[in-house]
Amino acid sequence: MSRLATLPRRLALLRPLRRTTCTARSYSTVSEQRLDNRVKIVEVGPRDGLQNEKNIVPLATKIELIERLAKTGLQTIEAGSFVAPKWVPQMANSSEILSHILTTPPPSPHPLTYSFLAPNMKGLSNAFSILDANPSSFSTESNPSPSKPSLEMAVFASATETFSQKNLNASIAASLETFRAVISAAKETPYNLRVRGYISVVLGCPFEGYDVSPHRVAEIATELLEMGVDEIALGDTTGMGTAPRTKDLLNCLRSAGIRNEDVAMHFHDTYGQALVNTAVALEHGIRTFDASVSGLGGCPYSPGATGNVATEDVVYFMESLGMDAGVDLDGVAEVGEWISKELGRGNGSTVGRAVLGRRKRKQE
Ligand SMILES: CC(C)(COP(=O)([O-])OP(=O)([O-])OC[C@H]1O[C@@H](n2cnc3c(N)ncnc32)[C@H](O)[C@@H]1OP(=O)([O-])[O-])[C@@H](O)C(=O)NCCC(=O)NCCSC(=O)C[C@@](C)(O)CC(=O)[O-]
């Protein structure tokens, strides 16, 4: 029997972790709550996964990737990034991707949400120009329609000053002021868009090391929530997060009054800790997790960081715990193999390789 399969349903083994320096206001473990077995996986492969690829991926391949992913049951897909092309050339055709999404029939019968990064008003205006050209082709809070895609914009702050300068050419405070305008404009009528607020390097910084204050992360998260973001995505950009430090961070956020339902975890698997940290976050009560098909990715501003935790690995892990991600594991494994071949690289998902290997053996 695999080690995963022997994990107790309610993750009781993870209980004895180092205590946080913050005083938790109202801590109760998952085993004390009624376990909600639904989890949401945010597929970030088409954006975070591809942004670091050296060779420009053809637009048709990006669109095919998004559509194949949507057909596996994934309902939230990060599809592009309205950033300066001279900084991240791979994302330069995000306008075309958004335009395609709004002008073609949805690839899946499920309601779909597509997310795009926008670090400033210039990026948001570029997105708005596509929306203005297709005003009735997306679902809004004031005009909801399950047959039309919903859209989300994402701003991205950093937990350390050095990473903020490298990633955004701005201090944390200056970037937050820019985001205030972006968040408010995105939420205004007629767009009424959902907004996600990333915080990068929350568990380790490529420039400042492990010295990232969970209190500072809680302060930035609080500020973003007060500005109106619908969700905070905590980015372990470097994959330096460990189980105890993940626990400390989440306890600190809870002490600051931040609700689990407003938090998503965004783990990279550089040190192989992503699923352990995912288990800690599940135990804490988090139910939204970012992942990238085939473990694609890396961050252009985090030298040496490898990809996001693979979607296939997260889906398999959730299934082994009796959690429901609503994603077809075989289907997503096929997409992982397909995109790996398209990019001329090995499949980065251990589960994807195992699922496809097992299927091949059965066919022989
Ligand atoms: C924020 C800026 C633009 C500031 O960059 P800057 O150079 O300081 O900006 P600027 O205002 O001086 O503008 C410079 C040029 O860029 C243009 N420009 C300015 N803004 C835009 C825009 N939005 N779209 C298109 N063009 C833009 C602007 O018009 C101008 O053009 P020029 O006059 O030279 O021809 C830049 O730093 C940038 O684009 N950075 C992008 C960083 C990035 O994309 N990082 C990766 C995403 S974050 C991430 O991956 C982490 C995450 C989210 O996954 C979570 C995790 O794992 O931690």
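All ligand and atom numbering here is 1-based and tracks the order in the structure.
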Asn169 versus ligand 1: do any nitrogen or oxygen atoms come within less than 3.5 Å of each other? yes

For this output row, return yes or no: ring centroids of Tyr191 and Phe128 closer than 6.0 angstrom. yes

What one should report as the nearest heavy-atom pair of Ala79 and Phe116 is CB-CZ, 3.7 Å

Does any N/O atom on Ala84 come nearer than 3.5 Å to any N/O atom on ligand 1? yes

Carboxylate-amine/guanidinium proximity below 4.0 Å for Arg345 and Glu53: yes

Heavy-atom contact check, 4.0 Å cutoff: does Pro85 meet ligand 1? yes

Can you find an N or O of Val201 that's nearer than 3.5 Å to an N or O of ligand 1? no

Taking a cutoff of less than 4.0 Å between a non-hydrogen atom of the residue and any ligand atom, is Met91 in contact with ligand 1? no

Tyr198 N/O to ligand 1 N/O under 3.5 Å: no

Ion pair check, Asp290 and Lys40, cut-off under 4.0 Å: no

Pairwise side-chain contact, Ser95 with Phe82, heavy-atom cut-off 4.5 Å (strictly under): yes

Taking NZ, NE, NH1 and NH2 as the nitrogens, is one of them in Glu334 or Arg359 under 4.0 Å from a carboxylate oxygen of the other? yes

Does any N/O atom on Phe82 come nearer than 3.5 Å to any N/O atom on ligand 1? yes

Is there a path of hydrophobic side-chain contacts, each under 4.5 Å between heavy atoms of I, L, V, M, F, W or Y residues, that connects Phe267 with Met240? no

Considering only NZ, NE, NH1 and NH2 on the basic side and carboxylate oxygens on the acidic side, decide whether Arg196 and Asp230 come within less than 4.0 Å. no

I'd like to check which ligand 1 atoms, numbered from 1 as shown, lie under 4.0 Å from a non-hydrogen atom of His268. 57 (O)

Relative to the heavy atoms of Asp48, which atoms of ligand 1 are at a distance of less than 4.0 Å? 50 (O), 54 (O)

Taking only heavy atoms of Asn120 into account, list the atoms of ligand 1 that are under 4.0 Å away from them. 3 (C), 19 (C), 20 (N), 21 (C), 22 (C), 23 (N)

Taking only heavy atoms of Gly123 into account, list the atoms of ligand 1 that are under 4.0 Å away from them. 22 (C), 23 (N)

Return the option from Leu203, Val83, Asn167 holding the heavy atom at the smallest distance from atom 42 (C) of ligand 1. Asn167

With no hydrogens and no angle check, is any side-chain donor or acceptor of Arg353 less than 3.5 Å from a backbone partner on Gly346? no

Which bit of Val88 gets closer than 4.0 Å to ligand 1, counting heavy atoms only: side chain, backbone, both or neither? side chain

Heavy atoms only: give me the nearest Ile77-Leu74 pair and the separation to one decimal. CD1-O, 4.3 Å

For atom 52 (C) of ligand 1, which of Arg196, Arg47, Gln51 has the closest heavy atom? Arg47

Out of Ser200, Ser94, Ser175, Cys205, indicate the one that has the non-hydrogen atom closest to atom 51 (C) of ligand 1. Ser200

